[in-house]
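Following: one structure in structure tokens, then a few remarks.
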Amino acid sequence: MKRGLVRPADTDEAVAELAHRLEQLRHALRDRKVQVGLLYGDVETAQPLTFLTNVCVYWGHAVLVVPVNDEPVLLTSSSKRVHPWIRSSSVIEQIHTTSELGRTAGEHLVAAGYARAGIVDQRHWPSVVVSDLTRAAEAVALEDLGPLARRMQVVPSVEQRGGLTQAARLCHQGLAAFRAGEGDTAARVGAAEHAMRMGGATDVHITAHPAYPDPPEWVQLTCHIGSEWSTVQGFAAAARDGEPAPDGIERGFAAWLERLTPETSVAEAEQAAETALAREGVGAAGVRGRVLAHADIETDGVFGSSLEPEALGEGAVVSASIDVRLPEGQLIRIGDTVSIGPGGARGLDDRPG
Amino acid sequence: MQANTRPSEAVASFEEGQWRHGRIQAAMAEQGLEQMVLVGPSWRRENVRYVCGVGLHSRLSAVHLPSSGTPRALLSDPRDVDAVRAAGWVPDARLWSEQPAADLAASVDPSKGQGLIGIAHLELGPYGMLQALLDASAEGQVVSATALLDRIRLVKSDWEVAQVRAAAALADLGWQAFVEAAHAGAREFEVVAAVEGALKAHGAEDNFMLIASGGSDVRGMTPPSDREIRAGDLVRTELTPRVNGYYAQICRTVSVGEPNQAAVDTFELFHRAMVAGLEQVRPGATGHDIARAENDVFRDVGWGQYCTAEYTRVRGHGYGLHPDERPTLLEGNEDRMDVNTTLIVHPNTFSPDAGYMVFGDAVLVTEHGHEPLLATDRQLFVSQA
């Protein structure tokens with residue numbers, strides 16, 4: 001849950017960046033021939049709303065209405081008491097509290113006189129909210145626009161890449177703190193959590209997976225700062241000589257990253273993981289490579305990928321991970337958030353992934 | 001009303017799972033439901049966890065529970081498939097295909113009969129998971145089972161109560177960390193970092209937490225900013241750690257340095273309101289009864305307006321697998337307490353003299369009243385100025 005630092009969009013640079021993002025979305029909406037776009041977010045999955053407006057949905061859920069020729073409006077289940085905080089921390093001025101998001105959104109469309117509206121990421125919206133919206137705006141033609149707002153972000157702007165890099169650094173700092181920590185697993189999670197939150201994370205998720213005699217424990221750390229998400233999965237202890245399993249997996253992972261070039265298709269990228277691990281002699285019952293756009297990390301891609309399947313694209317920032325199902329049945333995941341370039345994928349602060 | 005006698009252990013037993021499934025199936029029979037679907041969008045996974053018995057990483061999950069036959073879990077994370085199968089409560093656990101809506105519609109298959117299908121969290125089920133099932137169902141065949149599951153989960157097993165107790169112990173620990181961290185010069189997010197680090201180090205899986213620092217201008221709590229805490233501030237929090245899936249909450253306020261008289265007097269009023277609310281907590285009491293008792297204390301001093309939605313949300317609430325669940329403590333709410341209901345009574349609201357004041361205690365409903373779950377003193381705390 002979002003209980004870490006929320007930075008307000010209170011600098012000229014931040015406001016200009018958000019204005020640019022909103023204008024990009026409006027341009028895409030015009031291309032789709034709709035007069036207004038509607039975006040949905042809840043307390044755990046609201047990345048596009050934050051990306052566009054810096055609104056932090058920390059409780060309940062919300063709909064963002066973005067007209068192509070007017071200012072955005074936020075419909076939220078949070079109470080009116082929170083409106084001043086939302087205004088002070090975002091670029092949103094118009095806010096309405098409602099317990100019926102769909103009906104209120106539909107009535108808003110009708111009152112504004114829109115004839116064509118686009119629902120961004122309809123798969124993510126609650127079915128009931130969509131049906132309430134449809135019922136309240138019978139005269140409005142509604143179209144599912146798919147991952148329009150996520151797809152805009154596949155290759156991040158300089159500003160967004162800065163936020164992603166910061167989030168990635170915090171993940172690696174957290175991993176280092178976990179590895180260096182003393183005491184039991186919980187104590188080490190606590191050390192990592194503290195380090196990441198002191199670094200300014202808006203939220204942190206850390207999962208340590210049980211230590212087996214063989215293979216060793218692995219840990220997943222996810223961090224988001226504002227709308228920027230990064231995740232890393234690694235062994236709980238750094239690889240050492242004489243521990244062939246993690247060493248082989250890590251070498252295989254590094255070799256796989258070199259294969260993730262701009263021209264590589266998503267399917268090719270994911271299939272290449274098995275080959276890379278096999279070359280390192282990693283025995284596995286199954287290998288699953290996965291490439292996920294950074295804007296899909298918060299949903300784990302369950303509402304569809306925002307990557308174009310034909311090619312990863314230069315400058316795309318993705319979570320690249322490999323699931324290794326060992327012959328004994330245990331699952332190990334290793335991964336990083338990386339940037340795609342001609343020489344393969346590299347870590348966001350330009351270290352190898 | 002009788003407390004059940006489920007065993008307490010760190011991992012919920014297979015029998016605990018059978019007990020839960022049995023309660024749901026009994027309620028389904030009462031309501032005439034042939035099939036039950038529990039849907040778990042990422043922010044509301046509690047019902048899926050309730051019937052699977054394990055924590056979930058899946059951002060999209062559902063369990064299909066027929067009135068007879070084998071339940072099926074549909075999950076988006078392979079780690080959960082392993083864990084759910086291992087727990088054994090829902091042995092048929094599998095990953096979604098690329099088309100979750102088609103998977104769920106095929107599993108439930110409303111065309112097989114005209115029996116009613118209850119869906120818990122129908123109101124929040126994502127279009128990409130639920131719509132094909134809704135489209136395939138006859139008019140009126142699908143009904144919301146959200147309230148039904150809320151009522152079932154309102155009464156905890158003894159195993160569940162043991163987890164809530166563990167979470168409450170961490171809430172006490174988290175509050176100690178909060179008071180130590182909320183000193184002059186610290187920033188709000190650093191206080192939260194200290195609390196989160198301490199909670200996680202002692203085994204919390206998660207924590208829901210809000211904070212507000214400042215004077216009489218503070219109107220409510222939010223996530224932290226980088227505001228620097230100053231001498232004379234009141235720093236408020238509700239923090240809600242989770243252990244083995246179960247949350248428990250504490251609400252307190254700390255004064256940075258000695259509090260002024262307005263803060264002391266305001267705290268005393270809130271203390272009276274909380275005690276008045278707690279005195280109503282017993283089996284059979286309603287959310288209305290408790291909220292009215294709290295609000296009457298404010299009304300008696302002419303502050304009734306601060307008990308309205310303009311200034312506050314609720315006067316307390318239940319918790320368990322979600323940090324804010326039934327019973328809801330509001331005037332007009334008829335949620336009824338039972339033995340092994342867990343709730344917090346918190347008269348949190350704005351006050352003109354001290355700003356937003358936060359004070360509340362977590363309790364367990366017992367046969368003859370209630371049992372406090374927190375060990376933290378009921379006082380206005382003071383931290384280093």
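First the proteins, then the strands, lettered A, B, ... as listed; each starts at 1. This is a predicted model, so every value here is computed, not measured.
- Interface remark: B/Asp82 contributes side-chain atoms only to the contact with chain A (heavy atom separation under 4.5 Å).
- Using a 4.5 Å cut-off between heavy atoms, B/Pro41 does not touch chain A at all.
- At a 4.5 Å heavy-atom cutoff, the contact between B/His57 and chain A is made by side-chain atoms alone.
- A donor-acceptor contact closer than 3.5 angstrom is absent between the side chains of A/Thr299 and A/His124.
- At a 4.5 Å heavy-atom cutoff, B/Ser58 makes no contact with chain A through either its backbone or its side chain.
- Minimum heavy-atom separation, B/Ala93 to B/Leu75: CB-CD1, 4.2 Å.
- Here A/Gln122 is the residue among A/Gln122, A/Lys80, A/Met196, A/Glu298 with the most heavy-atom pairs under 4.5 Å with chain B.
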For B/His346 and B/His317: C-alpha separation, side-chain torsions, deciding distance, then whether ring-ring contact (aromatic ring centres under 6.0 Å, His included) applies. CA-CA 8 Å; B/His346 65 40; B/His317 53 82; 5.1 Å; yes

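- Note: B/Gly197 leads B/Gly197, B/Ala101, B/Ser76 in heavy-atom pairs under 4.5 Å with chain A.
- Residues B/Arg44 and A/His61 fail the side-chain proximity criterion, which asks for heavy atoms closer than 4.5 Å.
- Of the residues listed (A/Glu217, A/Glu193, A/Glu182), the one engaging A/Arg188 in a salt bridge (charged side-chain N to carboxylate O under 4.0 Å, His left out) is A/Glu217, and it is the only one.
- Heavy atoms closer than 4.5 Å to chain A are found in the backbone of B/Glu310, but not in its side chain.
- The contact between A/Val6 and chain B is made by backbone and side chain atoms together, counting heavy-atom distances below 4.5 Å.
- Neither the backbone nor the side chain of B/Ile211 comes within less than 4.5 Å of any heavy atom of chain A.
- Most heavy-atom pairs under 4.5 Å with chain A: of the set B/Gln131, B/Glu123, B/Glu196, this distinction falls to B/Glu196.
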If you apply the rule side-chain hydrogen bond (donor to acceptor under 3.5 Å, both in side chains), what do you find for A/Thr231 with A/Thr222, and how did you get there? CA-CA 4 Å; A/Thr231 186; A/Thr222 304; 2.9 Å; yes

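- Taking every heavy atom of both residues into account, A/Gly289 and A/Ala273 meet most closely at CA-CB, 3.7 Å.
- Comparing A/Met198, A/Arg7, A/Arg288 by how many heavy-atom pairs each has under 4.5 Å with chain B, the most go to A/Met198.
- Taking B/Pro78, B/Pro126, B/Ala204, B/Gly128 one by one and counting their heavy-atom pairs under 4.5 Å with chain A, the maximum is reached by B/Pro126.
- Using a 4.5 Å cut-off between heavy atoms, B/Arg242 makes no contact with chain A at all.
- The contact between B/Leu134 and chain A is made entirely by side chain atoms (from C-beta outward), counting heavy-atom distances below 4.5 Å.
- In this structure, CG on B/Leu95 lies 8.0 Å from CG on B/Asp77, to the nearest 0.5 angstrom.
- The most heavy-atom pairs under 4.5 Å with chain B, out of A/His194, A/Arg81, A/Arg123, come from A/Arg81.
- Heavy atoms closer than 4.5 Å to chain A are found in the backbone of B/Glu98, but not in its side chain.
- Contact count versus chain B (heavy atoms, under 4.5 Å) is highest, among A/Ser127, A/Pro126, A/Ser89, for A/Ser127.
- For A/Asp323 and B/Arg79, the salt-bridge test fails: no basic side-chain N is under 4.0 Å from an acidic carboxylate O.
- If you measure heavy-atom distances from B/Arg313 to chain A, the contacts under 4.5 Å come from both the backbone and the side chain.
- Taking the six-membered ring where the residue is Trp, B/Tyr247 and B/His322 present perpendicular rings, their angle passing 60° and hence far from 30°.
- Between B/Tyr311 and B/Phe350, the ring-plane angle classifies as parallel under the 30° and 60° cut-offs.
- Distance alone, capped at 3.5 Å, is enough to place a donor-acceptor pair between the A/Glu270 side chain and the A/Val291 backbone.
- Considering only heavy-atom pairs separated by less than 4.5 Å from chain B, the leading option among A/Ala191, A/Gly304, A/Gly329, A/Ala187 is A/Ala187.
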